[in-house]
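The structure appears below as structure tokens.
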Number of protein chains: 4
Amino acid sequence: MGTTQSPRSDTRARIVAIALELFSAQGYERTSLREIADRLGVTKAALYYHFKTKEDIVHGIVETTAAPIDELIVWGREQPWTPEVRDELIRRFAAGMNERAPLLRFFQENQPALRDLPAGQEFRDRMIALVRLVHGPGAGFEDRLRAMMSLFTINSALFLLYQDKRPEVDRYVGDIPVPEVTREEAIEAAQHVALEICRLIDRPAPTD
Amino acid sequence: MGTTQSPRSDTRARIVAIALELFSAQGYERTSLREIADRLGVTKAALYYHFKTKEDIVHGIVETTAAPIDELIVWGREQPWTPEVRDELIRRFAAGMNERAPLLRFFQENQPALRDLPAGQEFRDRMIALVRLVHGPGAGFEDRLRAMMSLFTINSALFLLYQDKRPEVDRYVGDIPVPEVTREEAIEAAQHVALEICRLIDRPAPTD
Amino acid sequence: MGTTQSPRSDTRARIVAIALELFSAQGYERTSLREIADRLGVTKAALYYHFKTKEDIVHGIVETTAAPIDELIVWGREQPWTPEVRDELIRRFAAGMNERAPLLRFFQENQPALRDLPAGQEFRDRMIALVRLVHGPGAGFEDRLRAMMSLFTINSALFLLYQDKRPEVDRYVGDIPVPEVTREEAIEAAQHVALEICRLIDRPAPTD
Amino acid sequence: MGTTQSPRSDTRARIVAIALELFSAQGYERTSLREIADRLGVTKAALYYHFKTKEDIVHGIVETTAAPIDELIVWGREQPWTPEVRDELIRRFAAGMNERAPLLRFFQENQPALRDLPAGQEFRDRMIALVRLVHGPGAGFEDRLRAMMSLFTINSALFLLYQDKRPEVDRYVGDIPVPEVTREEAIEAAQHVALEICRLIDRPAPTD
DNA sequence: GATGAATGAGAATTCATTCAT
DNA sequence: GATGAATGAATTCTCATTCAT
């Protein structure tokens with residue numbers, strides 16, 4: 001008792017959830033509104049009650065899912081840049097990975113569709129913002145690149161994990177056995193490597 | 001030497017070229033066969049004379065564009081794994097970047113469409129093969145991840161370069177000025193960072 | 001009695017009606033969805049709201065038109081086989097001929113298209129079922145053939161009637177005048193001949 | 001020695017043969033010129049050297065395959081009509097069945113496509129001519145129908161034979177076992193039944 | 001006698017979207 | 001909050017046909 005009816009209907013939230021799931025699994029263009037509606041047990045027209053367009057659903061996704069990233073950005077801006085803060089940004093980014101994975105996958109694998117969407121641009125801006133927080137002010141191109149790679153490491157780990165499950169790959173390199181890793185181990189490894197990479201920032205590097 | 005390239009079906013080659021250009025610029029699903037045909041000054045049906053389906057065009061693209069990568073793989077397999085060979089793989093990969101950029105972009109940004117395509121799988125297999133050559137036999141998950149990030153660095157540099165041209169981004173981090181960099185400088189920097197990353201392989205790393 | 005036919009989706013029924021008309025008059029493959037839609041005054045897409053595919057329309061046709069045949073089959077199975085029941089099957093089959101003619105024509109003249117369709121197979125199964133009811137249990141091949149010819153006689157009469165209207169035919173047999181017959185007379189004659197044929201079943205036949 | 005090069009090339013004859021095979025097996029509209037060309041090991045364009053259009057191939061088929069029927073018609077016209085001649089027509093028609101089966105099947109199952117073709121009309125005219133020869137001059141509608149059913153019996157036997165091979169049919173009539181029959185037995189039975197039917201001509205029939 | 005390259009017309013199908021109820 | 005019915009615009013693909021070589 002005393003439970004308040006959640007602001008904006010429950011259906012709206014379910015649409016967002018299912019849409020993100022399908023968009024990230026099959027791609028934005030390959031997911032039709034009918035498919036989303038079917039999964040929800042409603043009609044297509046119902047979706048239009050909650051969202052003006054298909055693109056608008058993407059907006060809804062970002063709105064409801066990107067909050068943790070925004071908080072991270074806000075936190076980052078409040079800190080003065082130090083190596084410790086930089087490391088902490090990476091750690092916090094890695095921490096939320098499990099929930100954020102579909103969102104990031106969606107954005108990485110659907111660039112062509114998202115490029116023109118306002119929601120897509122907003123999301124990219126967030127990522128760029130994170131990159132800047134990681135490398136700090138006054139960084140050169142190389143450091144910016146290091147920061148970006150550091151952040152990307154997190155999702156890439158999941159991609160690699162997924163690939164390792166496909167045995168056919170071996171025909172290209174012979175029978176080098178690939179280690180079995182759990183999802184949790186993968187994320188931990190990712191954090192580790194990501195930290196390594198971001199720590200390359202501002203180091204004197206060896207000559208090639 | 002002296003081999004004359006038989007000019008049979010110049011059209012087929014032009015289809016491949018235009019298709020790659022459009023697929024990488026606008027995305028696979030957002031590029032219609034009409035668009036490709038128009039750009040070539042032929043009818044849609046002409047495309048179907050040369051390729052059985054739209055998917056088959058992707059196959060044609062891989063076939064004609066992935067040769068340098070295959071050569072790199074072949075070369076890599078002939079060498080015993082050493083840190084020097086590893087570095088050389090990265091350097092050679094970076095070297096062909098300018099021509100290969102559209103192909104890589106196409107494959108990174110159109111995963112949902114390419115996932116089911118045989119051509120898409122072949123290409124991913126090639127990338128995984130490269131990853132394995134970079135980290136060498138018997139590597140653990142972390143080293144595999146390092147190898148992959150190292151290779152990804154090359155394209156990511158171009159992505160970053162492209163983003164930096166968009167001024168709106170700044171609203172999220174304030175007015176930190178972003179350094180102006182040419183494409184050539186970007187690729188050079190990418191090679192540099194990529195080498196750094198791949199040299200993390202097998203190093204004793206600091207604790208987090 | 002007094003059951004009101006719910007008028008929900010009058011359009012669906014109209015599609016089925018027009019489709020059967022066109023399919024039987026021009027053939028399944030020569031009838032495009034555009035043609036059906038035009039005749040209905042709707043767009044092609046409207047057809048797809050009611051039927052998943054063109055083939056599905058055939059299913060719809062069978063579903064709505066084959067009921068009388070099913071009833072006949074049901075009735076036939078309830079009776080023990082006797083010559084009288086056999087004759088009555090033929091009579092009842094002939095009776096519904098006028099409404100059923102387009103359906104039967106459609107199925108006889110579009111075998112190649114219908115062979116793979118589930119709906120086509122269902123319909124053939126019904127006809128075979130009727131054949132078996134006519135010849136009764138334990139019949140040999142000849143009786144099965146007699147039963148089939150008996151049933152086919154009904155539609156064949158309409159085919160013959162139609163042919164007789166074409167005067168060019170005569171060049172092959174000279175000017176033998178062909179009797180003028182009405183559609184009703186034709187069906188009556190057909191029933192008569194059909195009964196004759198089915199009565200050949202199980203008779204001792206003369207040697208050739 | 002002394003073998004004369006067949007009039008009109010060998011390829012032309014092969015086209016006709018393959019086309020008839022495919023048209024009768026899959027249907028006229030479902031058989032593309034590419035398919036025919038592929039089966040012959042030539043290109044589509046080669047077909048156009050021998051035939052002006054796809055329809056023209058049908059003409060070629062009739063021309064080369066219908067000769068036996070024409071001879072039968074010629075023979076029939078030379079005889080005065082008697083019951084013996086009538087029976088002999090049926091017997092001769094049945095005799096050539098094995099070779100003629102594809103042609104008849106083609107014409108029976110592709111009416112919509114053949115209706116407008118001159119070649120299709122010619123063929124129908126031949127069948128009508130045969131019908132008239134069977135029932136003789138001055139026959140009424142019923143006798144014409146009997147004559148037609150008699151002739152149709154021959155092909156129908158093959159249709160029935162084919163259906164009996166499909167076990168799923170049983171669901172409609174229960175497990176009445178269907179006798180196993182060879183193709184030769186089927187044709188013989190067909191001739192038998194056909195003769196029975198044509199002997200109904202001009203008989204005083206029982207009242208229904 | 002035949003091919004390679006191309007075309008024009010049209011087909012089935014899909015999809016985001018709209019709107020009266 | 002939602003549905004049923006429909007649309008318009010596009011898409012991929014197929015096919016008979018043509019013609020220079």
Side-chain angles (χ1 to χ4, degrees), chain A residues 8-12 14-15 28-37 40-57, chain B residues 8-12 14-15 28-37 40-57, chain C residues 8-12 14-15 28-37 40-57, chain D residues 8-12 14-15 28-37 40-57:
Chain A
R8 303 210 167 189
S9 81
D10 168 52
T11 302
R12 197 189 142 94
R14 286 174 62 221
I15 293 173
Y28 176 76
E29 330 241 13
R30 299 176 100 80
T31 303
S32 71
L33 294 185
R34 185 177 56 63
E35 214 170 346
I36 297 174
L40 262 116
V42 298
T43 58
K44 268 184 299 174
L47 303 186
Y48 280 88
Y49 180 81
H50 296 281
F51 297 94
K52 266 206 336 241
T53 66
K54 188 183 184 187
E55 303 190 347
D56 200 33
I57 297 182
Chain B
R8 53 149 172 135
S9 199
D10 154 61
T11 303
R12 200 190 139 96
R14 286 172 63 220
I15 293 172
Y28 176 77
E29 330 241 14
R30 299 177 100 79
T31 303
S32 74
L33 295 184
R34 185 179 54 63
E35 214 170 344
I36 298 176
L40 263 119
V42 298
T43 58
K44 275 179 293 169
L47 304 187
Y48 280 92
Y49 177 77
H50 295 281
F51 297 94
K52 265 197 348 228
T53 64
K54 189 183 182 185
E55 303 190 348
D56 200 33
I57 297 182
Chain C
R8 53 144 171 140
S9 198
D10 153 61
T11 302
R12 200 190 139 96
R14 286 173 63 220
I15 294 173
Y28 176 77
E29 330 240 15
R30 299 176 100 79
T31 304
S32 74
L33 295 184
R34 184 180 54 65
E35 215 170 344
I36 298 175
L40 265 119
V42 298
T43 59
K44 275 179 295 168
L47 304 186
Y48 280 92
Y49 177 77
H50 294 281
F51 297 95
K52 264 200 345 230
T53 65
K54 189 183 182 186
E55 303 191 349
D56 200 33
I57 297 183
Chain D
R8 302 209 168 189
S9 82
D10 169 52
T11 302
R12 199 189 140 93
R14 288 173 62 220
I15 293 173
Y28 177 76
E29 329 243 14
R30 298 176 102 79
T31 303
S32 72
L33 294 186
R34 184 175 59 59
E35 214 170 345
I36 297 175
L40 263 115
V42 298
T43 58
K44 267 185 299 175
L47 303 186
Y48 279 89
Y49 179 82
H50 296 281
F51 297 94
K52 268 205 335 238
T53 67
K54 189 184 184 186
E55 304 189 348
D56 201 32
I57 296 182

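- Between A/Lys54 and A/Tyr28, the closest side-chain pair of non-hydrogen atoms falls below 4.5 Å.
- The listed nucleotides are E/dT17, E/dT7, E/dA5; the one nearest the side chain of B/Ala45 is E/dT7.
- You'll find that the side chain of C/Ser32 is closest to E/dA12, out of F/dA6, E/dT3, E/dA12.
- Contact annotation: B/Thr11 side-chain N/O to E/dA5 OP1/OP2 distance is not under 4.0 Å.
- Contact annotation: D/Thr53 does not reach the phosphate of F/dA16 (side-chain N/O to OP1 or OP2, under 4.0 Å).
- A/Arg34 places its CZ atom 16 Å from the C1' atom of F/dG4, with the value rounded to the nearest Å.
- Closest-nucleotide positions on DNA chain F for B/Arg30 and C/Ala46 were compared, and the one nearer the 5' end corresponds to C/Ala46.
- Looking at heavy atoms from C-beta onward, A/Leu33 lies in side-chain contact with A/Ile57 at the 4.5 angstrom threshold.
- A distance of 9.5 Å separates CD1 in B/Ile15 from CG in B/Asp10, rounded to the nearest 0.5 Å.
- Along DNA chain E, the nucleotide closest to C/Tyr48 and the one closest to B/His50 are compared, and the more 5′ of them pairs with B/His50.
- Nearest to the side-chain atoms of B/Lys44 among the listed nucleotides E/dT3, E/dG10, F/dG8 stands E/dG10.
- Mapping C/Tyr28 and B/Val42 onto DNA chain E by nearest heavy atom places B/Val42 closer to the 5' end of the strand.
- For A/Thr43, the side-chain atoms get nearest to F/dG4 when compared with the rest of F/dG4, E/dA11, E/dT7.
- Taking a pair to require two hydrogen-bonding distances under 3.5 Å in either a Watson-Crick or a G-U wobble arrangement, F/dA20 pairs with E/dT3.
- Atom-to-atom, CG of C/Leu33 to C1' of F/dT7 comes out at 16 Å; the value is rounded to the nearest Å.
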